[in-house]
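To start, the structure under review is shown below, and the notes come after it.
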Amino acid sequence: MNKESVGVVETKYFHIEEPIDLDSGEVIDEVTVAYETYGELNKEKSNAILICHALTGDAHAAGWHEGDKKPGWWEIVIGPGKALNTEKYFIICSNVLGGCKGTTGPSSINPKTGKEYGLDFPVITIGDMVKVQKKLIDSFNVTQLAAIIGGSMGGMQVLEWMVSYPTMMKKAIPIATAAMSSPQQIAFNAVGRQSIFSDPHWKGGNYYESGVIPRNGLSLARMIAHITYLSDESMDIKFGRGLQDKDEISYDFSLDFQVESYLKHQGETFVKRFDANSYLYITKAVDLFDLSINDSLIDGFKNVEAKVQVLSVDSDWLYPTEQSTDIVTALNANNVDVSFSEIKSNYGHDAFLLEKGQLNYLFANFLSESVVEDLMMENIATIKADADVVEAAKLMLDRHVTHIPVVTDENKLIGIVTSWDLSKSIATDSNHLTDIMTTTVKYCNAGDTIEEIARHMRKFDISCLPVVDEDMVVLGLITTDQISNLLS
């Protein structure tokens, strides 16, 4: 454990007592959500970031559980001094609905029968997972998340949040994901599920009482899936055609190659920590995922309001870059503030869990927020309402400005005069400032983010805003030129 870790953490549990209406039309009466938090929620409840885990992940994203040999699955980006800085942000990560790591799923006890749900558990969707996460976030009285971030199936949850609850987050980072599952992705999941179905110990999902799990079927499903998480290059670098614990080919069906042994180990390790039925339900939820409306992803993203950073991995063939650029194109068509970066890595799909340097760099840059106070011009020219047009014109020429706030003796904002207004005075033969100045002034506060102000200025087609405090005292000015220079 080091100083950049959040240290020892514990999983907590949130109980939802009201029924959850699922997309299928079914209802779950009681749901328990396993979650972990890192950092402190500020007074304004404005610094919360939700982390969404991938297919077989869990709530333990960072820190250490007592006795563990490894930290949480995203320790590389969560903690003091990292991009998801727990001295600044309040990080939340929960196990998804249908999981087997503390959140209600098929291995949970059905309150109606007193036994494990098994296949009595209803089919769920990514949307259902997000509904449950929303209940958890509401329990913290957080009305808007600073960001939502996730990769793979976690990225699908991010996209679902953007569509289902568009005002609930300022920023969103979907990574190595897609807005709908492709036929190839569905095919791999289908083969994995068939391997579980074909295991004689699966027993139609009712294997809990016997104590014998469908080990072989689940192990095979994991081996198949794990191949898709790697790239050909990473497998060549890691294994090549190296032999496993032998000097020559055995010419039988034992494990000759290192890559065979590696996949077998991945399968055997996986069955110790994951439930076979959960694997069925979660992969099915991924297959059902499709955010398009009437076959249009543009229509599907029409209500998105968050600022979005889409990330892909150049060597990812499970969720290739093309699927990320489809998301970017659809968001651009809806005038969403979206950026795109491709992570360079030979790790394949798993790069979103491994590329520490690139992830920290990209996250930190995207999450950093400049505020108006950092950029505004201070010691600006102001003028009183009883001044005449000539005084205003001379002041503009002397100070090389095109906007002058009109203030009271206490320097409180009551209007603004622009070079356009001075032109209007000539046309109307007006000499008094009160005849031409604008009194319905748009303004901002020093603590507003540059992104918020940029959107505001675009919306109202204005190039300059007075900056005021809570008493309407003028503190400075901010212009579109300043914002453009910063963003460029």
Side-chain angles (χ1 to χ4, degrees), residues 42 44-50 88-89 142-149 158-174 179 291 297-311 327-341 362-378 380 402-403 405 413 416 418 420 438 440-470 472 474-488:
N42 62 17
E44 298 78 19
K45 301 186 186 298
S46 61
N47 68 331
I49 293 178
L50 176 66
K88 178 179 180 181
Y89 300 114
V142 170
T143 57
Q144 188 181 52
L145 292 155
I148 304 180
I149 308 171
V158 173
L159 295 172
E160 182 69 49
W161 268 96
M162 289 161 47
V163 169
S164 296
Y165 306 101
T167 63
M168 269 297 296
M169 78 295 299
K170 285 186 176 180
K171 298 183 178 182
I173 309 179
L291 289 180
L297 197 52
I298 294 174
D299 288 346
F301 284 147
K302 64 184 177 181
N303 294 322
V304 172
E305 295 188 20
K307 180 178 181 181
V308 185
Q309 181 184 52
V310 178
L311 302 180
I327 295 169
V328 174
T329 300
L331 290 171
N332 272 323
N334 284 290
N335 294 316
V336 174
D337 188 351
V338 58
S339 59
F340 169 71
S341 293
L362 291 166
F363 289 0
N365 279 354
F366 183 69
L367 293 174
S368 63
E369 286 191 338
S370 296
V371 295
V372 169
E373 188 175 22
D374 299 331
L375 205 60
M376 70 182 188
M377 295 182 290
E378 301 178 83
I380 60 167
T402 57
H403 295 69
L413 181 70
I416 194 165
T418 70
W420 169 253
T438 302
T440 55
V441 189
K442 303 293 182 185
Y443 57 85
C444 63
N445 301 118
D448 292 340
T449 68
I450 295 299
E451 285 137 359
E452 290 171 335
I453 294 309
R455 283 196 295 270
H456 189 69
M457 294 170 95
R458 283 197 301 270
K459 180 179 179 180
F460 293 102
D461 193 24
I462 48 181
S463 59
C464 181
L465 284 176
V467 185
V468 300
D469 65 12
E470 62 272 13
M472 294 299 290
V474 175
L475 304 176
L477 283 175
I478 187 164
T479 69
T480 51
D481 285 344
Q482 292 171 293
I483 293 173
S484 295
N485 289 337
L486 173 70
L487 295 179
S488 65

Test item: N334 and I298 side chains (from C-beta on) under 4.5 Å apart, heavy atoms: yes
Considering non-hydrogen atoms only, spot the tightest contact between V338 and N332 and give its length. CG1-OD1, 3.3 Å
With side chain to side chain contact (heavy atoms under 4.5 Å, CB included) as the criterion, how do F340 and I327 come out once you've worked through the C-alpha distance, each side chain's angles and the decisive distance to 0.1 Å? CA-CA 10 Å; F340 169 71; I327 295 169; over 6 Å; no
Checking side chain to side chain contact (heavy atoms under 4.5 Å, CB included) for the pair L297/T329: CA distance, chi angles, key distance, verdict? CA-CA 9 Å; L297 197 52; T329 300; over 6 Å; no
In Å, rounded to the nearest 0.5 Å, how long is the span from CD1 of I380 to CG of L477? 3.5 Å
Could you give me the CA-CA distance, side-chain angles and deciding distance for H403 and S463, then say whether side chain to side chain contact (heavy atoms under 4.5 Å, CB included) is met? CA-CA 9 Å; H403 295 69; S463 59; 3.5 Å; yes
Can you find a heavy atom in the side chain of K45 that is under 4.5 Å from one in the side chain of T143? no
Ignoring hydrogens and geometry, is there a side-chain-to-backbone donor-acceptor pair from T438 to V441 under 3.5 Å? no
Is a side-chain donor or acceptor of Q482 paired with a backbone partner of L375 at a separation under 3.5 angstrom? yes
Looking at I462, is its backbone amide N or carbonyl O close enough to the side chain of K442 to form a donor-acceptor pair, meaning the two atoms are under 3.5 Å apart? no
Can you name the closest pair of heavy atoms from A446 and V467 and give their distance? N-CG1, 3.6 Å
Would you say the side-chain atoms of D448 pair up with the backbone N or O of N445, donor to acceptor, closer than 3.5 Å? yes
Measure the shortest side-chain to side-chain distance between C464 and T479 over non-hydrogen atoms and say whether it is less than 4.5 angstrom. yes
Are V158 and V308 close enough that some pair of their side-chain heavy atoms sits under 4.5 Å apart? no
M162 and L331: side chain to side chain contact (heavy atoms under 4.5 Å, CB included), yes or no, with the steps? CA-CA 11 Å; M162 289 161 47; L331 290 171; 4.1 Å; yes
So H456 and L465, do their side chains get closer than 4.5 Å, heavy atoms only? yes
Do the side chains of F301 and V336 get nearer than 4.5 Å, heavy atoms only? no
Measuring from K170:NZ to I49:CD1, what's the distance to the nearest 0.5 Å? 11.0 Å
